[in-house]
Amino acid sequence: MKGKPAILPVHMTATYKFDSSDDLIDVVQSGEGYIYSRWDNPSVKEVEQAVADLEGFTHGIGFSSGMAAISTAILAHVTAGNRIVSMQEIYGGTYELFNGILPKFGVKTTLINCWDIKTLMAEIEKGLDVLYLESPTNPLLRVVDIRPLADAAHKKGAVVMIDNTFASPINQHPIDFGVDVVIHSATKYLGGHHDITAGMVCCNGPHYKKIWNCRKIMGGTMDPMAAFLAMRGIRTLELRIRQQNQSAMKIASFLAGHKKISHTYYPGLETHPDYPIARRQMKGFGGMLSFIVKGDFEQTKGFMDTLKTIHLATSLGGVTSLANQPITNTHVALSPENRKKAGVSESLVRLSVGIEDCDLLIEDLDQALKAV
Ligand SMILES: *Cc1c(COP(=O)(O)O)cnc(C)c1O
């Protein structure tokens with residue numbers, strides 16, 4: 001039959017059959033070919049290569065979630081007695097991994113405020129095995145100057161990793177600043193439609209072998225159906241990001257000028273403390289922003305409940321705009337004192353800008369602010 005599928009079918013298979021024992025032995029020994037889907041699967045391979053190409057690395061490694069990607073990449077690179085230097089502002093799950101789980105196995109972790117470059121540098125100078133960064137951060141969109149930190153960590157022989165989820169590979173290319181391992185929650189921009197939970201790691205040869213082996217054992221491999229949907233999402237990634245960058249900038253400017261907003265956090269605004277770094281380091285300022293409503297917790301809740309086009313939900317990076325109040329979910333565990341330290345006020349709202357008509361989004365925010 002002539003004609004091939006234009007789109008690779010979903011390889012929903014757990015195992016692979018062979019014509020002869022010699023063929024099976026050959027695949028086991030050479031590592032070339034498929035044996036079992038926890039190890040490798042053609043649908044997963046396709047999206048791994050697509051993201052690796054976007055990030056400029058030779059290899060991608062697909063995971064069942066962003067947290068599976070983060071924990072596996074870390075576990076592949078540390079042993080008891082090792083030290084990880086990272087930032088206070090990292091994603092909640094990563095924070096718990098670093099603070100709660102890794103120390104139980106003798107891995108030391110030091111977390112410093114990402115804007116305190118002097119202390120961060122001093123900690124790197126003391127010696128480390130992994131430097132783990134995240135930029136822009138959640139929810140205040142702080143931007144970390146990657147190059148000098150990566151260079152200092154490399155001088156100490158460390159591996160440099162970054163969570164590039166908020167930026168996406170379109171807006172930020174960490175390999176250009178010396179990063180060895182780039183991690184994504186593919187649940188967010190890569191998938192882009194709020195319909196999969198998935199993760200991705202991108203890196204070159206030596207790191208690939210370690211992380212791939214660890215994934216094979218820990219078992220957090222990406223599912224073929226999630227891989228298929230991630231691949232479908234990636235086909236429109238650049239278009240979506242372009243629209244989200246544009247809309248977020250417009251919305252940030254609108255909010256910054258609104259009398260019922262006391263502060264707007266967006267790295268594309270000149271008032272943002274990291275604007276000069278963001279301009280240098282990022283190709284676009286992204287689709288994430290946050291703002292403080294002039295009002296107390298209850299009034300902010302009222303604002304949230306009045307939004308119509310924008311959905312009240314956690315998560316981010318998809319076609320639909322989502323808003324949440326960090327202290328009701330992602331930052332609920334913080335004590336009032338730590339909340340203040342982290343700059344997460346009870347009237348702070350985080351917005352993930354989708355691909356809807358931007359005027360509709362602004363109208364929605366405007367009508368909800370009238371309710372405050
Ligand atoms: C969501 C998220 C994660 C975790 O990803 P999951 O797919 O939910 O496991 C990690 N880092 C960042 C920055 C995220 O936004």
Side-chain angles (χ1 to χ4, degrees), residues 51 55 61 63-75 77-78 84-103 107 109-115 120 130-144 146 149 159-169 171-172 174 179 181-192 194 196-202 211 220 265 267 274 282 286-290 313-318 322-334 338-339 341-344 348-352:
V51 182
E55 284 287 2
I61 313 172
F63 288 90
S64 54
S65 70
M67 279 316 301
I70 292 164
S71 53
T72 308
I74 290 286
L75 285 175
H77 282 93
V78 293
I84 300 173
V85 173
S86 189
M87 327 168 355
Q88 282 286 345
E89 292 80 1
I90 46 176
Y91 179 75
T94 316
Y95 186 88
E96 286 183 36
L97 173 71
F98 287 2
N99 253 335
I101 296 180
L102 291 178
V107 176
T109 55
T110 308
L111 309 183
I112 308 295
N113 287 121
C114 69
W115 37 263
L120 205 43
V130 176
L131 173 67
Y132 186 95
L133 304 173
E134 189 174 316
S135 181
T137 65
N138 177 38
L140 300 183
L141 291 312
R142 295 301 304 241
V143 179
V144 182
I146 303 166
L149 295 169
V159 180
V160 180
M161 303 188 186
I162 194 168
D163 183 332
N164 203 30
T165 301
F166 267 44
S168 91
N171 283 334
Q172 183 165 269
V179 172
V181 178
V182 173
I183 305 172
H184 284 279
S185 167
T187 312
K188 317 295 167 55
Y189 286 103
L190 297 180
H194 312 298
I196 56 166
T197 301
M200 186 64 71
V201 169
C202 297
I211 300 170
Y265 302 89
D274 304 321
M282 301 177 75
M288 297 300 300
L289 55 93
S290 56
T314 185
S315 198
L316 61 114
L322 306 180
N324 74 6
Q325 258 174 291
I327 71 150
T328 65
N329 48 88
T330 51
H331 291 68
V332 75
L334 288 185
N338 284 340
R339 224 176 263 164
K341 255 206 223 151
V344 179
L348 183 75
V349 175
R350 186 187 81 175
L351 177 62
S352 167

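Side chains included, hydrogens not; waters and symmetry mates left out as well; all remaining heavy atoms used.
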Determine, step by step, whether Val201 and Val181 satisfy the side chain to side chain contact (heavy atoms under 4.5 Å, CB included) criterion, reporting the C-alpha distance in whole Å, the side-chain angles of both residues, the deciding distance to 0.1 Å, and the verdict.
CA-CA 7 Å; Val201 169; Val181 178; 3.6 Å; yes
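- Proximity of Glu55 to His184: side-chain heavy atoms (C-beta onward) are separated by under 4.5 Å at one or more points.
- Across all their heavy atoms, Thr109 and Pro103 have their closest contact at OG1-CG, 4.2 Å.
- Put simply, OH on Tyr265 and CG on Leu140 are 5.5 Å apart, with the number rounded to the nearest 0.5 Å.
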May I have the step-by-step check of side chain to side chain contact (heavy atoms under 4.5 Å, CB included) for Met161 and His77, ending in yes or no?
CA-CA 11 Å; Met161 303 188 186; His77 282 93; 3.5 Å; yes
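- In plain terms, the two heavy atoms of Asn324 and Ala313 that are nearest each other are CB-O, 3.6 Å.
- Annotation: side chain of Phe63 is in contact with side chain of Ile211 (closest heavy-atom distance under 4.5 Å).
- Counting heavy atoms from C-beta on, the side chains of Pro136 and Met282 come closer than 4.5 Å.
- No option in Asp163, Leu97, Ile162, Val85 other than Asp163 meets the side chain to side chain contact (heavy atoms under 4.5 Å, CB included) test with Tyr132.
- Atom-to-atom distance recorded for Gln88:CD and Ile90:CD1 is 8.0 Å, nearest 0.5 angstrom.
- The backbone N or O of Gly317 sits less than 3.5 Å from a side-chain atom of Ser352, completing a donor-acceptor pair.
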Working for side chain to side chain contact (heavy atoms under 4.5 Å, CB included), residues Val107 and Phe98:
CA-CA 9 Å; Val107 176; Phe98 287 2; over 6 Å; no
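- The backbone N or O of Thr165 sits nowhere less than 3.5 Å from a side-chain atom of Ser185 that would complete a donor-acceptor pair.
- Tyr91 is listed as a side-chain neighbour of Met67, based on a closest heavy-atom distance under 4.5 Å.
- Of all heavy-atom pairs between Leu133 and Met87, the closest is CA-SD, 3.9 Å.
- Ser290 contributes a side-chain N or O that, together with a main-chain N or O of Pro139, makes up a donor-acceptor pair within less than 3.5 Å.
- Shown here for Ala186 and Ile196, the closest heavy-atom pair between the two residues is O-CD1, 4.0 Å.
- Under a 3.5 Å cut-off, the side chain of Ser65 and the backbone N or O of Ala198 do not form any donor-acceptor pair.
- Leu322 approaches Ser315 most closely through the heavy-atom pair CD1-O, 3.6 Å.
- Of the possible donor and acceptor atoms, one in the side chain of Ser135 sits under 3.5 Å from a partner among the backbone N and O of Val144.
- Contact of the Leu120 side chain with the Trp115 side chain is not registered, since no non-hydrogen atoms from C-beta on lie closer than 4.5 Å.
- Within the 4.5 Å cutoff, no side-chain heavy atoms of Glu134 are placed close to those of Ser86.
- Side-chain contact annotation: Asn138 with Glu89, donor-acceptor N/O pair under 3.5 Å absent.
- For the atom pair CE (Met200) and CD1 (Ile183), the distance works out to 12.0 Å, reported to the nearest 0.5 Å.
- Proximity of His331 to Leu348: side-chain heavy atoms (C-beta onward) are nowhere separated by under 4.5 Å.
- At a threshold of 4.5 Å between non-hydrogen side-chain atoms, the residues Leu75 and Leu102 count as touching.
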